[in-house]
Amino acid sequence: MGQPIRLRDDYCSSDLRALARASKDADWTRRLLALSLVYDGRSRGEAAAFGGVGLQIVRDWCVRFNARGPEGLKTGRAPGKQPLLNDHQRAALAEALERGPTPYLDGVVRWRLCDLVQWLWEEFRVSVSEQTLSREVRAMGYRKLSARPKHHAQDADAIEEYKKTSPPQWARLPMAPPGKMIEVWFQDEARIGQKNKITRRWAKRGTRPSAPHDQRTRSAYIFGAICPRQGKAAALVMPWCDTHAMNQHLIEISRTVADGAHAILIMDQAGWHMSNNLLVPENITILPLPPKSPELNPVENIWQFMRENWLSNRVFKSYDDIVDHCCHAWRRLQSQPWRIMAIGKRQWAHGF
């Protein structure tokens, strides 16, 4: 017959009963009181009967109590299945996601889950499913997000210098006397035509969804401008993109600027933006962006949002139909000033 396990002598029955009185865990309380009986000299059978368990369970409680004290009697979580990726492999995966694929080595220009599954196998000989890898990358804080446009030959130093020096200069413009409210506007153009874009859409796994796609080439241009701080917008839909159209758009923006305010109109250096024949209203000052820096202009993100939600996956019957859809989409944007603020605000332009 085996000998009963002796309990550690740095506790006594009164200690366990005190912990049981303060506990809100019924199972822990039951185990503490059962072992307090053992400290009182009662038999293991009586402790088992009190706890509603067998003698082997009481023996396990004694082992856990001797090893970890009262904490050892708490209900623990099962360890579960070991994760497929360790910390080193997760760090390497995060670095690969941040760096992006190398086309001539990896054979792709953007990571898909199936590409990352293959990369993990080639690097670490670890086999994971796409579903498991999806959970891993999401747990690491990664999501599939829309990328902002970035010119391949831009000057990063010039962009950072522009962000630092431009806002302080706006308040010192000759056209904007002290105390006059400054409105920061961004302007750009987008071509909308019959040869339209096809965007992603929800569909059942394993199917290939389709969307209408026209091959005709009629198109129109949206001249759009937004004031993110005020949630305002001004636009014209024009059949061409030249200095005359830009002059008409400047008039439209000038009408939208608040009375007594002065607008800083930020836009790229397209030819019709910098033309000597451009007629700039008195309440507008044009500020050109550095070359090759489209990510500084939030109107680029406005175009992306409008295409993905309102203008893509359509077949336009005629030029007039294109104009009608463009006008409807822009009026819808104007009716949602909170969306203009959310998409258009930039810390470097609105944080001063």
Side-chain angles (χ1 to χ4, degrees), residues 75-156 159-160 190-193 195-215 292-315 339 342-347:
T75 303
R77 290 186 177 181
K81 184 180 178 181
Q82 291 294 321
L84 293 175
L85 300 181
N86 57 36
D87 292 340
H88 170 68
Q89 292 162 349
R90 287 193 186 92
L93 177 60
E95 183 180 351
L97 289 170
E98 294 286 349
R99 183 182 63 247
T102 304
Y104 73 90
L105 291 177
D106 302 305
V108 293
V109 297
R110 66 180 180 93
W111 287 127
R112 299 170 298 172
L113 286 175
C114 60
D115 302 320
L116 291 171
V117 167
Q118 181 66 24
W119 180 85
L120 282 171
W121 174 253
E122 293 174 353
E123 290 290 324
F124 302 106
R125 287 299 184 263
V126 175
S127 178
V128 298
S129 67
E130 292 184 22
Q131 292 79 6
T132 300
L133 185 58
S134 175
R135 288 193 295 269
E136 286 282 351
V137 297
R138 291 180 71 85
M140 293 162 58
Y142 289 93
R143 300 292 187 274
K144 188 179 288 186
L145 304 176
S146 297
R148 292 182 179 180
K150 178 181 179 181
H151 198 284
H152 70 282
Q154 68 179 206
D155 185 348
I159 292 176
E160 291 303 317
R191 178 182 174 273
I192 307 297
K195 190 174 284 190
N196 207 351
K197 301 290 184 181
I198 296 178
T199 63
R200 293 178 179 268
R201 56 176 50 191
W202 288 103
K204 287 187 176 181
R205 186 182 296 274
T207 65
R208 184 66 183 269
S210 62
H213 186 62
D214 201 343
Q215 297 298 319
K292 306 168 186 175
S293 55
E295 67 269 27
L296 289 180
N297 193 342
V299 184
E300 298 279 2
N301 305 106
I302 293 289
W303 301 143
Q304 185 178 19
F305 175 83
M306 292 176 64
R307 290 182 194 277
E308 291 182 350
N309 292 280
W310 299 331
L311 294 174
S312 296
N313 300 336
R314 293 180 180 275
V315 173
R339 196 176 300 280
I343 298 177
K345 274 199 172 181
R346 296 292 182 268
Q347 180 61 33

Check against side chain to side chain contact (heavy atoms under 4.5 Å, CB included), Leu85 and Phe124: CA-CA 10 Å; Leu85 300 181; Phe124 302 106; over 6 Å; no

Derivation and outcome, side chain to side chain contact (heavy atoms under 4.5 Å, CB included), residues Asn301 and Phe305: CA-CA 6 Å; Asn301 305 106; Phe305 175 83; over 6 Å; no

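Considering only heavy atoms from C-beta on, Leu116 stays 4.5 Å or farther from Val128 through its side chain. Here the side chains of Trp121 and Val117 are not in contact, with every heavy-atom distance at 4.5 Å or above.
Residues satisfying the side-chain contact (heavy atoms from CB on, under 4.5 Å) test with Thr75, not counting sequence neighbours, are Asp27, Arg31. The side-chain contact (heavy atoms from CB on, under 4.5 Å) check on Arg112 picks up Val108, Arg110, Cys114, Asp115, with sequence neighbours excluded. Taking the side-chain contact (heavy atoms from CB on, under 4.5 Å) definition, one finds that Gln131 meets it with Ser129, Arg135, Arg205, sequence neighbours left out.
Under the 3.5 Å distance criterion, the side-chain polar atoms of Arg138 are left unmatched by any main-chain donor or acceptor of Arg143. The closest donor-acceptor contact from the side chain of Arg346 to the backbone of Leu296 lies at 3.5 Å or more, if one exists at all. A donor-acceptor pair under 3.5 Å links the side-chain atoms of Trp111 to the main chain of Ala96, judged by distance alone.
Annotation for Pro298 and Ile343: closest pair CB-O, 4.0 Å, computed over non-hydrogen atoms. When all heavy atoms are compared, the tightest approach of Arg90 to Glu136 is NE-OE1, 3.0 Å.
Partner of Gln304 under the side chain to side chain contact (heavy atoms under 4.5 Å, CB included) criterion, chosen from Arg307, Met306, Glu308: Glu308.
In this structure, CG in Leu97 is found 8.0 Å from CH2 in Trp119, a value given to the nearest 0.5 Å.
Under 3.5 Å, the side chains of Tyr142 and Glu98 contain a donor-acceptor pair of N or O atoms.
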